[in-house]
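Take a look at the structure below.
Note that the structure is a prediction, hence the values are computed from the model and not measured. Protein chains get the first letters and strands the later ones, always in sequence-line order, with residue 1 at the start of each.
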Amino acid sequence: MEIPKAYDPKLAEERHYARWEAQGCFAPEINRDPAAPVYSIVIPPPNVTGSLHMGHALQHTIMDVLARYHRMRGHRTLWLPGTDHAGISTQIQVEKLLKKEGTSRHELGRDKFLERVWEWKERYGGEILSQMRREGASVDWSRHRFTLDEGLSRAVREFFVRMYEKGWIYRGEGLINWCPKDQTALSDLEVDKVTKKDGQLFYLQYPVKGSDRRVTVATTRPETMLGDTAVAVSPKDARYADLVGRTLVLPVVGREIPVVADHFVDPEFGTGAVKVTPAHDPNDYQMGRRHDLPQVKVIDQHARMTVEAGREFAGLDRYEARALVVEKFEALGLLERVAEYEFSISQCGRCATVIEPLLSVQWFLKQAALGQKPLELMREQRAPHFVPETPYEKVYTNWLEGLHDWTLSRQLWWGHRIPAWYDEAGNVYVARTEEDARRQAGTDDLTQDEDVLDTWFSSALWPISTLGWPDETDDLKTFYPTSVLVTARDIIFLWVARMMMTGVEFTGERAFDDVYITGTIFDRHGQRMSKTKANGVDPLVVFEKYGVDATRIVLASIGTTDTRWNDTQVESYRNFANKIWNAARFCLLNSEGAQVGKGFAGEPKTWALHDRWIMSRLQKATRDTTQSIEAYDFHAAVQTIYHFFWDDFCDWYIELSKADVAAPDASPARDAARSRALTVLEQALRLLHPFMPFITEELWLRLPGVGTDQLHAAYKHAEPTVMLAAFPQPREELIDERAEGEIQSLVELVSRVRNIRAEMGVRPGEAVRLLVSAPDAALRAVFESGAQQIARLVRASEVAVGDSISAPKASARAVLAGGAEVAVPLEGLIDFAQERERLGKEREKLGKEAEKIEAQLANPNFVGRAPAEKVAELRQRSEDIAQRTRMLAETLEALAD
RNA sequence: GCUCGCUUAGCUCAGUGGUAGAGCACACGCUUCACACGCGUGGGGUCGUAGGUUCAAGUCCUACAGCGAGCACCA
């Protein structure tokens, strides 16, 4: 068998995915156990406009690790993929295209435009899906869903109608966030608050009618004064008490406006008097309603001044109008002052245009009503369980406690059209279909609402709509509630909370048991990766450079941590993949006569010490990995497997077993040793598979003896693949603490001798003699029977073991645990002064530690109050140190002669 | 303004009240028959600062500093 020395990830990456998919490994139907527990995940549907970024790769890796792990556990596993139509983004994308062609959506008309968007979606919307295949994502493609699919659209209409019938969805006038560039309303969550550091606060004076008095108000938006219909002061403010109820004359405009008292006004802030513009400010809107103030709209949808703003202002841009207003006030002597002021402005989350609060008629959802059940679920059952719990459980709960109405309608064409129809008289009919609406209206002469729904409206239904709701499908019954939701923190409100709302509302059950919030990946300098900064690291480039598996295991390891990306991490796991490759290469080059599975044969008591040891280590690694994955602690899981594989298996086990495994002549003992190595390797590949699917499959298939036997019982009918192998279960009976202790002694001996060789400058090729002593017979037996292994590992010509040492004075020595000692005769090489110094340093180290321990043991409070077990442990250590110190002292004394 | 998080080796990060860790980087030595994407050895930390609780604090509490995030209707 030809096996290259270096692992080439591309080979495996190209070879296995299509086969897995073709054999149906990703679909839950592969599981033939009717009693199998169910495990399900729905993917956060990426935008059709999107291409894969590191955040996706992180989320997908976590989901794939979970899916593959549970599948190997024999669970009926579904990971459902899909994409989101992404209303605004997609529409903007296509509109840009049209602009290049010299046309526009308005020129095309609604139907033609939508045709173009669908065309675009078919052509480019699949990019992210093919990128997911590259990642190795084990999603069930047969269940792929798109938010505009007929089934999902039906769910959207059902949701809308039911909420309307409950009175939770309504149409009405409200002050909404308007993006003057995208020409649509936006919900509060689609607006970003951005700090404006170089802002200005203008102090404007309004004359009191029939008096010389002036009231000063402060504003960051002077142009809105054209729409002022009152000035408000605090009811508790003595300074203005006599003014309440009096009239002001609005400068420039000349309108007479009242002074009202409202509790909203903070007398401590600014001048204590606030201009009130009900049509253009959320707070003023509320105050306007409380005091029944007129609403004067002075800014339009394009952020230009209206006719109502006055002839001089009409048609001006809002910023031009601002300058002009300020100029006029100055001319009138009514501009008191302009102060530098830091405040925050609202920007469109998509195009960063400054939002204009506008009065308009839109559809709204009373989220507070829908949020009650999720809130109860959290309070009573603490569900869903957030990972990490802090801070997300609280963030989620706090948001649910303060819900505002959700502006649902968008003035776009791409999306789910609002299922509301109007007759000629303007009466509205909300229905699941146009036929229904006609029946309700008693006429065919209806016009459908022009607007579409917020993209997140359909996303809110994702876990149930993808599984077939509102129908009671088998999928819905089987896979809902889903097991876990994996996503980034920025959509906890936009998406996570809302899925919980609809899920609980329509099924009575939570949408998912757990919510796993991934960390954020920053660039090397700690900056958020973004398109505009062009500092993003492209996952595909990293895949290309280091391999998919290496990238995945790094991402899994990152998990919930915010981290700065650095390639060196991936490089080190690329090296790990190569290490796995070469360990397997060694096993395979020495596999004649051996078979996977036979490694467990025979009574463990009869196995070689190093075999008992590696099997024990394997069980612990298996146990710890399982526990870590179950606890979503992927970092710990990766560390466990990494160190088991590299340190235990490669550095020690392969070296300790080499003489047996690579013996020149065939024998049952050699077969057994080879089988053992192969079996441990095979088990390790299974542990690694969820993290590194490609290399594990590539190697696993090459192992002699793998087949149906290794598959989980639920998959016995399937073609052999490590993907469907049973995830290892720890076998407690193979945990052997004694063997672990003995190998630890052996490892210590080898390490100390290697240290002596390096420090004393023994040439690498030169063999040394070892004189080993151990007072304990059992320990002596370990060294005696391991003499050949020790000799091989330290390049010794001889390893003499006895109950005491009589070594030449010209020897380097080391004291070991359990009172053991080793001497390496180094005639001619040893410099006595140097050796004395080396040993002296060690004695000093021991001395310091002894001092600390003695102090603690001398403390009656410690001995009295600490657990007896801790005290005993410390006494044991103290004795061990004392013994070593004594032995070192003797050695030093002997050297001094 | 409120809430929360982070601060551990040169870098990126683990760390469960009981002997401070990993990978990379660094230094020295190695063509040792799986692997130089490797092997062996070594150096490197007042765990942000100051208090407190405790027999014992990187770990728990308080304050402060720096960095970051989220929320909020302060004109």
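- One finds no salt bridge joining A/D266 and A/K236 here, because no Lys/Arg side-chain nitrogen approaches an Asp/Glu carboxylate oxygen to under 4.0 Å.
- If you find the closest nucleotide of RNA chain B to A/R795 and to A/E849, the one lying nearer the 5' end belongs to A/E849.
- If you measure from atom CG of A/D633 to atom P of B/C13, you get 17 Å, rounded to the nearest angstrom.
- Contact check, A/T561 against B/A14: a side-chain N or O comes under 4.0 Å of OP1 or OP2.
- Within the 4.0 angstrom heavy-atom criterion, no nucleotide atom of any strand lies near A/E571.
- Between the side chains of A/T220 and A/Q200, no donor N or O sits under 3.5 Å from an acceptor N or O.
- Distance from the side chain of A/N566 is smallest to B/U12 among B/C37, B/U12, B/U32.
- To the nearest angstrom, C1' of B/C33 lies 11 Å from CZ of A/R585.
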message = At under 4.0 Å between heavy atoms, how does the protein contact nucleotides 67-75 of chain B? Give one character per nucleotide, 5' to 3', with B, S or -.
response = ----S-BBB
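- Distances shown here put a side-chain N or O of A/N755 below 4.0 Å from the OP1 or OP2 atom of B/G42.
- Checking the phosphate oxygens (OP1, OP2) of B/G18, no side-chain nitrogen or oxygen of A/K870 falls inside 4.0 Å.
- Here B/U54 sits opposite no nucleotide as a Watson-Crick or G-U wobble pair (both hydrogen-bonding atom distances under 3.5 Å).
- The nucleotide B/A9 finds no pairing partner, because no Watson-Crick or G-U wobble arrangement with both distances shorter than 3.5 Å includes it.
- Here A/R674 does not pair with A/E592 in a salt bridge; the nearest charged N to carboxylate O distance is not below 4.0 Å.
- Against RNA chain B, the stretch residues 574-583 of chain A makes heavy-atom approaches under 4.0 Å through A/R574, A/N575, A/N578, A/K579, A/N582, A/A583.
- For the 3.5 Å distance criterion, the side chains of A/E190 and A/S187 qualify, holding a donor opposite an acceptor.
- Using P as the reference atom, B/A20 and B/U59 are 14 Å apart when rounded to the nearest Å.
- Rounded to an integer number of Å, the gap from A/I553 CD1 to B/C24 P is 14 Å.
- Residues A/V542 and A/R574 have side chains not in contact (no heavy-atom distance under 4.5 Å, counting atoms from C-beta outward).
- Applying the Watson-Crick and G-U wobble criteria (two distances, each under 3.5 Å), B/G45 pairs with nothing in any strand.
- Aromatic rings of A/F202 and A/F329 (six-membered ring for Trp) have centroids beyond the 6.0 Å cut-off, not under it.
- Nucleotides B/G58 and B/G17 have their P atoms positioned 13 Å apart, rounded to a whole Å.
- Counting only N and O atoms by type, the side chains of A/D228 and A/Y206 include a donor and acceptor under 3.5 Å apart.
- The interatomic distance linking A/K5 (NZ) with B/U31 (P) rounds to 15 Å, in whole Å.
- A/E393 comes within 4.0 angstrom of no nucleic acid atom, judged by non-hydrogen atoms across all strands.
- Here B/C28 sits opposite B/G40 as a Watson-Crick or G-U wobble pair (both hydrogen-bonding atom distances under 3.5 Å).
- Distance check on atom C1': B/G15 versus B/G23 gives 15 Å, rounded to whole Å.
- With RNA chain B read from its 5' end, the first of the two nearest nucleotides for A/W565 and A/R877 is the one closest to A/W565.
- Put simply, CZ on A/R754 is 11 Å from P on B/C39, counting in whole angstrom units.
- Atom CG of A/L589 and atom C1' of B/C33 are 11 Å apart (whole Å).
- Base engagement by A/P867 is indicated by at least one non-hydrogen atom pair under 4.0 Å involving a base atom.
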Pairs under 3.5 angstrom, nitrogen or oxygen only, protein versus nucleotides 26-30 of chain B, please.
none

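- In this structure, A/K658 reaches the bases: a heavy-atom distance under 4.0 Å links it to at least one base atom across the strands shown.
- Regarding A/F862, its CZ atom lies at a distance of 12 Å from the P atom of B/A57, rounded to whole Å.
- No hydrogens or angles considered: a donor-acceptor pair under 3.5 Å links the side chains of A/Q569 and A/N566.
- For A/Q569 against B/A22, a side-chain-to-base donor-acceptor contact under 3.5 Å is absent.
- Between A/T563 and the phosphate of B/C13, there is a side-chain N or O to OP1/OP2 separation shorter than 4.0 Å.
- Comment: A/E849 engages A/R877 in a salt bridge, judged by a side-chain N to carboxylate O separation of less than 4.0 angstrom.
- Rounded to an integer number of Å, the gap from A/I695 CD1 to B/C35 P is 15 Å.
- Rounded to whole Å, the separation between the C1' atoms of B/C28 and B/G68 comes to 41 Å.
- As the counterpart of B/G1, B/C71 is assigned, both hydrogen-bonding distances of the Watson-Crick or G-U wobble pattern falling under 3.5 Å.
- A salt bridge links A/R221 with A/E356: the distance from a Lys NZ or Arg NE/NH1/NH2 to an Asp or Glu carboxylate oxygen falls below 4.0 Å.
- Comparing the C1' positions of B/C60 and B/G18 gives an interatomic distance of 15 Å, to the nearest angstrom.
- Here A/C650 lies in heavy-atom contact (under 4.0 Å) with a base.
- Between A/F649 and A/F645, the ring planes lie tilted relative to each other; the angle falls in the 30° to 60° range.
- Outside the 6.0 Å centre-distance limit, the rings of A/Y392 and A/Y396 are not counted as a close aromatic pair.
- Look at A/K545 and A/D567 and you find a salt bridge, because one of the NZ, NE, NH1 or NH2 atoms lies within 4.0 Å of a carboxylate O, short of that distance.
- For the residue pair A/R843 and A/T885, no side-chain donor N or O sits within less than 3.5 Å of a side-chain acceptor on the partner.
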